[in-house]
> 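First the structure, which I've put down as structure tokens, then a few questions once you've had a look.
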Amino acid sequence: MSDDPANPPVPSGTTRGELAMLRLSGTHSSLDVASQGAHVCNWQPDGGEPVLFMSPKSHFLKGKAIRGGVPVIFPWFGKREDDPTAPQHGFGRIAGWKRTRGMVDQRGAAVAEFQLEDNDSTRKSWPFSFAAKLSVEGHTRLHITLEIKNTDSKPFTFGAGLHSYFCVSDIERIKILGLEDTHYIDQVAANEVRKQANEAITFDGELDRIYFDTAATCVILDPGKKRRIVIAKSGSKSTVVWNPWAGKAGSMADLGADNWRGMVCVETTNAGPDSITLAPLATHRLETTITVERIDSA
Ligand code: BG6
């Protein structure tokens with residue numbers, strides 16, 4: 001059971017704040033998923049610490065994004081340039097998804113599945129028919145798949161992501177490996193395109209980058225927590241790395257000035273130039289697999 005104050009234990013099929021929440025306890029880990037947004041809020045290996053960061057100040061309110069866990073980005077990444085009133089990162093993370101599965105299977109894995117189809121409200125901001133399915137399995141690893149099917153009669157282009165927030169000991173002491181020599185759009189430098197040197201990412205200020213054209217596995221190396229978090233992916237060509245640092249975090253009511261140091265986002269996405277165009281009846285599958293490995297020292 002969780003002893004993290006940001007993730008109090010949630011019995012299966014209850015609520016947190018205003019939101020319906022599923023809690024499953026598998027043989028190797030426990031999993032909490034909110035139906036709003038098909039949002040994985042907690043994944044905690046047995047006997048280990050939480051892997052996903054959840055802000056102690058997060059809202060759990062209808063129609064409001066949750067700050068932490070794994071928000072589902074769909075069908076656009078970031079702001080919509082043609083519509084400033086459209087919700088940042090799309091409607092996927094604040095929509096009510098239908099739970100179609102929630103159980104511990106014969107292997108002891110916690111498995112859940114959620115579905116979302118277009119409706120009057122989604123068609124107002126994005127005029128296409130689609131069928132989305134989010135499948136999650138919490139076991140010795142966390143595996144999340146987002147499938148998008150085009151059920152329209154015309155092609156559509158979309159952005160998507162599994163916007164995973166991870167707990168870290170201290171943002172200034174971690175490194176992210178896997179994106180060496182990769183180009184990125186620097187969202188804190190007027191979207192300038194830059195190239196990562198042949199070295200790991202380290203943090204000494206606000207960092208908000210869309211690494212594009214990369215299918216690489218990333219590793220968060222965290223000597224303070226004596227662990228490596230390995231984030232493998234498929235069907236994804238972009239990886240977004242984000243930490244707001246003190247200034248921006250202080251202006252975010254659901255994060256606050258104290259919590260940014262213990263989090264980092266490494267997001268499995270298709271954003272910007274890696275947006276996906278799907279023909280009618282075609283399906284795209286975006287997957288991430290997260291594993292935790294112990295390390296003895298830095
Ligand atoms: C990241 C973006 O994916 O999400 C950042 O690159 C953004 O620019 C961050 O600030 C958080 O977004 P939001 O909408 O959850 O506050």
Side-chain angles (χ1 to χ4, degrees), residues 6 19 34 36-41 52-81 83-95 125 144 146 158-168 171 176 179 182-194 196 201 203 205-214 218 220 231 233 236-257 259-275 286 288:
L19 305 183
Q36 176 168 290
H39 191 128
V40 176
C41 291
L52 303 174
F53 169 86
M54 175 58 67
S55 169
K57 295 192 169 175
S58 178
H59 306 294
F60 288 88
L61 298 175
K62 286 193 178 141
K64 273 221 171 243
I66 297 170
R67 179 70 62 201
V70 188
V72 171
I73 296 175
F74 173 77
W76 57 84
F77 177 90
K79 290 192 173 52
R80 269 268 298 270
E81 273 160 29
D83 181 1
T85 65
Q88 156 123 322
H89 288 328
F91 48 71
R93 66 178 176 170
I94 47 172
S125 58
I144 308 177
L146 174 65
F158 68 99
L162 298 167
H163 186 312
S164 22
Y165 286 72
F166 295 97
C167 283
V168 296
I171 190 73
I176 295 179
L179 295 166
T182 304
H183 284 95
Y184 61 89
I185 299 168
D186 194 338
Q187 300 198 95
V188 295
N191 290 334
E192 215 174 275
V193 173
R194 296 183 169 164
Q196 177 75 25
I201 301 170
F203 297 80
E206 182 183 358
L207 189 143
D208 188 357
R209 301 177 179 172
I210 303 172
Y211 286 84
F212 56 92
D213 198 19
T214 173
C218 288
I220 301 172
I231 306 138
K233 62 178 191 168
S236 158
K237 296 293 291 298
S238 344
T239 297
V240 176
V241 181
W242 178 59
N243 181 284
W245 219 252
K248 185 165 181 191
S251 70
M252 296 165 68
D254 59 355
L255 186 56
N259 298 306
W260 58 277
R261 204 170 254 292
M263 60 149 275
V264 70
C265 289
V266 179
E267 309 165 28
T268 295
T269 61
N270 286 306
D274 297 317
S275 298
L286 176 72
T288 186

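Whatever order the structure lists them in is the order used to number ligands and atoms, beginning at 1.
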> Nearest protein heavy-atom contact for atom 14 (O) of ligand 1: which residue, which atom, what distance?
R93 NH2, 2.8 Å
> With a 4.0 Å cut-off on heavy atoms, does R209 reach ligand 1?
no
> Can you report which non-hydrogen protein atom sits closest to atom 11 (C) of ligand 1, along with the distance?
W242 CH2, 3.6 Å
> In the protein, what heavy atom is nearest to atom 7 (C) of ligand 1, and what distance, to one decimal place, separates them?
Q88 NE2, 3.8 Å
> Suppose I only count heavy atoms of D208 and a 4.0 Å limit; which atoms of ligand 1 are within that range?
2 (C), 5 (C), 6 (O), 8 (O)
> Numbering the atoms of ligand 1 from 1, which are under 4.0 Å from a heavy atom of F77?
3 (O), 6 (O)
> What orientation do H163 and H89 show, parallel under 30°, tilted 30 to 60°, or perpendicular over 60°?
perpendicular
> Do Y211 and H183 make the cut of ring centroids closer than 6.0 angstrom?
no
> Among protein heavy atoms, which lies nearest atom 16 (O) of ligand 1, and at what distance?
R67 NH2, 3.0 Å
> Just which atoms of ligand 1 are under 4.0 Å from any heavy atom in V240?
3 (O), 6 (O)
> Who's the nearest protein heavy-atom neighbour of atom 3 (O) of ligand 1, and how far?
E267 OE1, 2.8 Å
> Please list, in number order, the atoms of ligand 1 under 4.0 Å from a heavy atom of K248.
10 (O)
> Look at the aromatic rings of F74 and F91 and report parallel, tilted or perpendicular, splitting at 30° and 60°.
perpendicular
